[in-house]
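For this chain, numbers begin at 1 and follow the sequence in order.
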Amino acid sequence: MEHAVQVGIAKKFIEYLETDTTAMAPSLYRNPVRQYTCPDRLVREKAALFHHYPLHLGFSCEMPDPGDFKTDNFSGVPILLVRGADGNVGAFLNVCRHRGAPVAEGCGKGQRAFTCPYHAWVYGTDGSLQYIPGEAGFEALDNADHGLRRLPVQEKYGMIWAKTAPGPGFEIDDTLQGVARDLASYGFENFHHFETAELRPKMNWKLVIDTFLESYHIKVLHHASIASLIESNIQTFDSFGLNHRGIYVRKNFDELRAQPESDWNILPYTTMVYVLFPNTVLVVQQQQIETWRVYPDGDDPNRAKMHLSLYAPEAPATESAVRHWRNNMDLLKRVVNEEDFTLGEKMQMGFHSPAQEHVTFGRNEPSLAHFHGSLDSALGLRAAAE
Ligand code: FES
Ligand SMILES: [Fe+2]
């Protein structure tokens, strides 16, 4: 993050801490409860969000070398990402052009070709159809027209995005807008992928994202875990089109205040939470990078699935470094599973009760208002979010 931006954020935190205030939305926001429970709304979201916007699918460091690949079915579309011999990442529908079987499973390294598990048609890492066993049966088939179907993809800032349907390419900066400058500053190209975990809470996918979007709950729900590290109910808020950045302040912030302004680096003293529209939460805290890529689970608005990926600045070189990152991953899973999602599943149940038609986002919860406003504007339900 640019130094001048960091200084501006640090000065806001000084003011907020001294005056016991926080960033405020212009007004209260009432969010209809049915948005978390309505199957029709979910159908609209899938069409307008998950099958329209580029989706963040992982970091470049997960597949650094030619032939490295990963698959991802979470959007409901089977996607194969593979780094080609030319060093570029290609995205394909993971669907064999013979009879439709997936040609790759999971992830892997240094793959030279993909052999379909059904009848062994062979595809190159560029998606081209290279070999058909028993070719005499397919003499009339045009091999050049039966490569894996390509998907639009872009690799930038050490991150990978793809769309779920074939079509023209895209420029991810058009979606990221100003948040691109922050992403460019972090040097994700040089990070190391520690681990990706899969979580499936019984909550609407938006409610999962909501749990990251305010610090108001930290000293209450997280009193026994992270409340000793992060201040409650203090945050900065900045929007970048449909994306936003909310920054929380850590309890060691006084150490920064003791330094000259020209040396200020807010990273060790803050937790930065970005929503990369539509469904990725990116958390930058100290040297640790987390992404939470959240999807609806099937057609049920009451269920979500997500990939939690943890990235470190470098590959852990010692056993104690591995232990450190293992502990961080375990802490993340424990806090969300035992605290946020345990409560969230009960909230999801309560949404089906006649208790109320709306939940309320306070003015001190500006990130929630922006996220839901952005969703509604992308669905064509209201003017562009503020
Ligand atoms: S379905 Fe792939 S080779 Fe037959
Ligand atoms: Fe939380």
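Counting only heavy atoms from C-beta outward, the side chains of T164 and I79 approach each other to under 4.5 Å. Counting heavy atoms from C-beta on, the side chains of W292 and M306 come closer than 4.5 Å. Side-chain contact check for V95 versus P78: some heavy-atom pair is nearer than 4.5 Å. For the pair I234/Y248, no side-chain contact is recorded, criterion being any heavy-atom separation below 4.5 Å from C-beta on. No side-chain heavy atom of Y274 sits less than 4.5 Å from a side-chain heavy atom of I247. Using a 4.5 Å heavy-atom threshold, the side chains of I230 and V249 count as separate. Proximity of L151 to L93: side-chain heavy atoms (C-beta onward) are separated by under 4.5 Å at one or more points. Counting heavy atoms from C-beta outward, L213 and V273 have side chains that approach closer than 4.5 Å.
Remark: side-chain polar atoms of S374 are paired, donor with acceptor, to backbone N or O of L242 under 3.5 angstrom. Panel note: side chain E195, backbone M329; no donor-acceptor pair is recorded below 3.5 Å. Within the 3.5 Å criterion, the main-chain N or O of L129 finds no donor-acceptor partner in the side chain of N143. The backbone N or O of Q130 sits nowhere less than 3.5 Å from a side-chain atom of S128 that would complete a donor-acceptor pair. No donor-acceptor distance shorter than 3.5 angstrom exists from the side chain of N337 to the backbone of R334, with no hydrogens or angles considered. Side-chain N or O atoms of N94 include one that pairs as donor or acceptor with a backbone N or O of A104 at under 3.5 Å. Side-chain N or O atoms of H146 include one that pairs as donor or acceptor with a backbone N or O of D142 at under 3.5 Å.
Closest non-hydrogen pair, G106 versus F69, comes out as O-CE1, 3.8 Å. Nearest heavy-atom pair across T125 and Q111 is CG2-O, 3.3 Å. Nearest heavy atoms, N204 versus Q348: N-OE1, 2.8 Å. When all heavy atoms of A113 and V122 are compared, the closest pair comes out as CB-CG1, 3.7 Å. The two atoms that bring L276 and M159 nearest to each other are CD1-CE, 3.8 Å, heavy atoms only. A pairwise comparison of heavy atoms in F191 and Q287 identifies CE2-O, 3.8 Å as the closest pair.
Taking the six-membered ring where tryptophan is involved, the planes of Y16 and F13 are perpendicular, since the angle between them exceeds 60° and thus also 30°. Ring-plane geometry between W121 and H98 is classed as parallel, the angle between the planes falling under 30 degrees on a 0 to 90 degree scale with a further cut at 60. Ring pair Y311/H193 is tilted by interplanar angle, where 30° to 60° counts as tilted.
A single hydrophobic cluster is seen to contain both V153 and F50, as judged by linkage of ILVMFWY side chains at heavy-atom distances under 4.5 Å, directly or through other members. By the rule that hydrophobic residues join a cluster once side-chain heavy atoms approach within less than 4.5 Å of another member, V89 and F92 end up as members of separate clusters.
Between R34 and E357 there is no salt bridge, since none of the side-chain N atoms of the basic residue sits less than 4.0 Å from a carboxylate O of the acidic one. Checked for salt-bridge contact, R257 and E18 meet the test: a charged N lies under 4.0 Å from a carboxylate O. In this structure, K202 does not pair ionically with D297, as no charged nitrogen and carboxylate oxygen lie closer than 4.0 Å. Here K333 does not pair with E338 in a salt bridge; the nearest charged N to carboxylate O distance is not below 4.0 Å. With respect to E62 and R83, no salt bridge is recorded, no charged nitrogen being found less than 4.0 Å from a carboxylate O. Ionic pairing of R41 and E45 is present here: one or more N-O contacts between side-chain nitrogen and carboxylate oxygen are shorter than 4.0 angstrom. Ion pairing of K109 with D65 is absent here, as no side-chain N (NZ or NE/NH1/NH2) approaches a carboxylate O to less than 4.0 Å.
Judged by distance alone, the side chains of D173 and Y157 do bring a donor and an acceptor atom under 3.5 Å apart. Side-chain atoms of T271 and R250 form a donor-acceptor pair, as typed in the model, at a separation below 3.5 Å. Side-chain contact, R293 with S309: a donor N or O sits under 3.5 Å from an acceptor N or O. No donor-acceptor contact under 3.5 angstrom links the side chains of H56 and N279, judged on distance only. With no hydrogens or angles considered, no side-chain donor-acceptor pair links S215 and Q235 at under 3.5 Å. Between the side chains of T37 and H352, no donor-acceptor pair of N or O atoms lies under 3.5 Å. Using a 3.5 Å distance cut-off with no hydrogens or angles, the side chains of H372 and D210 do pair a donor with an acceptor. Counted by atom type alone, N364 and N233 present one or more donor-acceptor pairs between their side chains at under 3.5 Å. Neither side chain, E314 nor H192, offers a donor N or O lying under 3.5 Å from an acceptor on the other. Side-chain atoms of H3 and N265 include no donor-acceptor pair closer than 3.5 Å. Side-chain atoms of Q288 and N328 include a donor-acceptor pair closer than 3.5 Å.
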Next item on the list: Could you walk me through whether F361 and V359 pass the side chain to side chain contact (heavy atoms under 4.5 Å, CB included) test, one step at a time?
Entry: CA-CA 7 Å; F361 304 147; V359 290; 4.2 Å; yes

Next item on the list: Go through the steps for E214 and L368 under the test side chain to side chain contact (heavy atoms under 4.5 Å, CB included), then give the verdict.
Entry: CA-CA 7 Å; E214 36 84 14; L368 285 168; 3.8 Å; yes

Item checked: ring-ring contact (aromatic ring centres under 6.0 Å, His included) between Y123 and F114, intermediate numbers included -> CA-CA 5 Å; Y123 298 89; F114 296 95; 8.5 Å; no

Next item on the list: Go through the steps to decide whether S225 and E339 satisfy the test side-chain hydrogen bond (donor to acceptor under 3.5 Å, both in side chains), and finish with yes or no.
Entry: CA-CA 9 Å; S225 56; E339 298 175 4; 2.7 Å; yes

Item checked: side chain to side chain contact (heavy atoms under 4.5 Å, CB included) assessment of D182 paired with R245 -> CA-CA 10 Å; D182 282 17; R245 178 187 66 208; 2.7 Å; yes

Next item on the list: List the steps, then state whether side chain to side chain contact (heavy atoms under 4.5 Å, CB included) holds for M272 with I266.
Entry: CA-CA 10 Å; M272 310 201 196; I266 64 171; 3.8 Å; yes

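Around the CZ atom of R326, the shell of radius 6.0 Å holds more than 12 heavy atoms that belong to other residues, nucleotides or ligands. Shown here is M349, whose CE atom has no more than 12 heavy atoms of other residues, nucleotides or ligands within 6.0 Å. Around the CG atom of D299, the shell of radius 6.0 Å holds no more than 12 heavy atoms that belong to other residues, nucleotides or ligands. Atom CD of E171 sits in a crowded spot, with more than 12 heavy atoms from other residues, nucleotides or ligands closer than 6.0 Å. Atom NZ of K46 has more than 12 heavy atoms from other residues, nucleotides or ligands within 6.0 Å. For R149, the CZ atom is loosely surrounded, since the number of other residues' heavy atoms within 6.0 Å does not exceed 12. Atom NZ of K346 has 12 or fewer neighbouring heavy atoms from other residues, nucleotides or ligands inside a 6.0 Å radius. The number of heavy atoms from other shown groups lying within 6.0 Å of CZ (F138) is above 12.
A cation-pi geometry, defined here as NZ or CZ lying under 6.0 Å from the six-membered ring centre and within 45° of its normal, holds between K305 and F74. Taking the ring axis of F371 as reference, the NZ or CZ atom of K206 does not stay both within 45° of it and closer than 6.0 Å to the ring centre.
In summary, the aromatic rings of Y36 and F351 are positioned with their centroids under 6.0 Å apart.
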